Amino acid sequence: MFFCWLNRLYRGLSSPTGRTTQLIWGSLSRSLVLSSRRRIPEFSSFVARTNTCGELRSSHLGQEVTLCGWIQYRRQNTFLVLRDFHGLIQLVIPQDEKMPTGEIEIKVKTAELLNSCKKLPFEIKDFVKKTEALRLQYRYLDLRSFQMQYNLRLRSQMVMKMREYLCNLHGFVDIETPTLFKKTPGGAKEFVVPSREPGKFYSLPQSPQQFKQLLMVGGLDRYFQVARCYRDEGSRPDRQPEFTQIDIEMSFVDQTGIQSLIEGLLQYSWPRDKDPVVVPFPSMTFAEALATYGTDKPDTRFGMKIVDISDVFRNTEVRFLQDVLSKPKGTVKAIRIPEGAKYLKRKDIESIRKVAADHFNQEVLPVFLKASRHWNSPVAEFILEKQSLELIRLMELQEEDVILLTAGEHRKACSLLGKLRLECADLLEARGVVLRDPALFSFLWVVDFPLFLPKEENPGELESAHHPFTAPHPSDIQLLYTEPEKVRSQHYDLVLNGSEIGGGSIRIHDAELQRYILATLLKEDVKLLSHLLQALDYGAPPHGGIALGLDRLICLVTGAPSIRDVIAFPKSFRGYDLMSNAPDSIPPEELKPYHIQVSWPVDSEAEKSSLDHPHHPES
Ligand code: ASP
């Protein structure tokens with residue numbers, strides 16, 4: 001026998017709370033006695049129930065009742081029919097979602113079954129936990145969730161508004177460019193597509209960069225495209241091998257023109273239910289971003305900025321600081337973690353030091369400022385009174401703060417502290433401190449990038465910081481021929497809450513300059529780009545543009561945990577389509593027309609399941 005109680009008699013599916021649901025299920029095997037407002041003496045005196053199952057009518061509406069009986073039927077874990085000696089009564093188990101339509105019910109006249117549905121691999125309820133691998137395998141079912149519906153519909157609405165803004169308000173032309181193209185020198189690795197001509201391949205473009213510049217030469221003046229781009233960059237969190245850009249190019253424009261256009265575009269397309277976008281966005285040079293936040297994409301929602309404290313330690317007795325400061329480019333830097341002494345545990349500090357050692361091969365010293373205003377640190381005894389006061393002043397330290405201190409060459413020390421700044425923010429937030437308001441959208445332009453960076457694998461050579469078509473800063477042109485590594489560029493990035501959501505530049509429209517940069521400075525094969533160089537020679541207008549990463553932007557706007565949650569059919573972390581099993585093998589005879597022979601067949605099935613399923617980091 002089952003006992004069951006109800007707090008309320010519902011009119012149809014009214015709006016019950018989730019808590020009640022649990023209580024009902026929790027009480028099925030136990031007797032529960034609740035106070036009642038009303039009793040029917042003959043049948044319900046001295047017992048747990050207030051009413052029998054057979055006696056309730058609409059005249060009881062609104063009353064709290066306790067019923068006891070046997071479960072006669074159970075439907076979809078939502079409806080129970082309870083039976084006792086007196087009759088049957090239907091119970092509705094309240095669901096977690098509150099239905100705005102809960103006030104009404106439809107009385108069915110006729111019903112027709114349009115299709116049947118097999119047992120689902122997971123329930124279509126947002127709160128039911130499922131692995132990401134399973135969601136991707138049955139993506140067409142996962143798309144039925146309210147969250148995915150919301151994300152994709154919001155994406156569609158924002159793109160619609162962007163089209164409206166660009167085409168209808170500002171005269172842009174929406175132009176599709178090819179996806180079968182040829183290899184572009186420099187930049188990301190491209191996917192290769194075999195052709196029927198022996199040894200000849202197409203490449204999938206990493207962006208429509210060349211085409212959009214050629215459209216400017218072609219006099220289109222203002223181009224945009226919701227463009228699919230392809231980059232074979234292996235598995236990286238929050239990257240997809242194919243992704244979408246809002247790609248834009250304009251003739252006769254400068255950097256401020258592009259920035260204003262983008263600010264207006266985001267303002268216009270921003271969802272109405274979010275706080276409006278405030279323009280103009282603040283701007284910061286690359287050098288400032290690196291020195292203050294240790295990255296070219298600073299999250300400006302919170303402080304913990306990097307402070308150069310080299311001068312405090314000029315005469316230090318701390319050996320490792322002494323060593324670094326004696327070198328020409330040696331610096332000492334620190335970040336302040338507010339109330340770190342209260343929130344950071346010993347194991348946190350250990351993991352912070354490990355990150356520094358593993359990723360940067362660099363030492364980090366934690367220094368705690370105790371309530372007694374004494375230091376707690378392995379180097380505490382070497383910090384002189386004067387240094388201590390200067391440190392407190394420079395870093396605006398309060399009791400219970402922790403500083404993380406490192407020493408080394410400027411860029412390396414800043415990059416390390418930039419990473420630790422984010423790690424510490426995560427740690428503090430895990431302990432309940434709110435540093436980054438989830439409702440806040442903090443946009444930032446990062447400008448004045450260097451035109452070139454030393455190549456990672458061969459620092460003696462240069463590579464483009466953005467791409468080889470980016471124009472140098474007008475005041476630095478002469479340096480191109482003397483100290484190219486010092487040239488600043490007309491490249492700008494748009495950052496939102498610490499993620500790069502867009503980047504662009506004013507382009508080189510002079511064929512000679514473009515040839516010089518490609519051939520002499522970047523050592524690229526100019527033959528690969530002869531079509532573009534030729535086009536520039538035919539009176540190319542000055543032009544510039546930008547591309548916004550649509551997936552990342554929508555991910556931030558919706559607050560989705562991953563960009564895969566704003567793409568209808570994304571690839572897995574490792575680049576597989578877990579629904580269709582792409583990429584897949586092709587029989588040798590079908591490869592023949594492409595003059596391709598697979599020399600090293602792998603068991604893709606085994607590889608796929610070991611890579612994607614059990615240990616998937618985001619599963
Ligand atoms: N094509 C560039 C990119 O994909 C953007 C641009 O310079 O417009 O990053």
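Numbering starts at 1 and runs along the sequence shown. Start at 1 and go down the list; that is how both ligands and their atoms are numbered. The model shown is predicted, which means the values in this text are computed figures rather than measured ones.
Comparing His466, Glu500, Gln213, Gln209 against atom 9 (O) of ligand 1, the shortest heavy-atom distance belongs to His466. Comparing Glu249, Gln210, Lys212, Arg231 against atom 8 (O) of ligand 1, the shortest heavy-atom distance belongs to Lys212.
By the 30° and 60° cut-offs, the orientation of the rings of Tyr140 relative to Tyr138 is perpendicular. Between Phe449 and His491, the angle of the ring planes stays under 30°, which puts this pair in the parallel group of the 30/60° scheme. Between Phe281 and Trp445, the two ring planes are tilted [angle within 30° to 60°].
Using a 4.0 Å cut-off between heavy atoms, Ala547 contacts ligand 1 through both its backbone and its side chain.
Using a 4.0 Å cut-off to heavy atoms of Ser207, the atoms of ligand 1 that qualify are 1 (N), 4 (O). Against a heavy-atom cut-off of under 4.0 Å, Gln245 is close to the following atoms of ligand 1: 3 (C), 4 (O). Close contacts of ligand 1 with Ile546, meaning ligand atoms under 4.0 Å from a residue heavy atom, involve 8 (O).
A salt bridge links Asp308 with Lys333; the closest basic N to acidic carboxylate O contact falls under 4.0 Å. Electrostatic pairing of Glu461 and Lys523 does not count as a salt bridge here, judged by no charged N lying under 4.0 Å from a carboxylate O.
Because its NZ or CZ atom is both nearer than 6.0 Å to the ring centre of Phe302 and within 45° of the ring axis, Arg421 counts as a cation-pi partner of that residue.
By the 4.0 Å heavy-atom criterion, Gln206 is excluded from the residues contacting ligand 1.
Gly503 O, 3.4 Å is the protein heavy atom nearest to atom 5 (C) of ligand 1.
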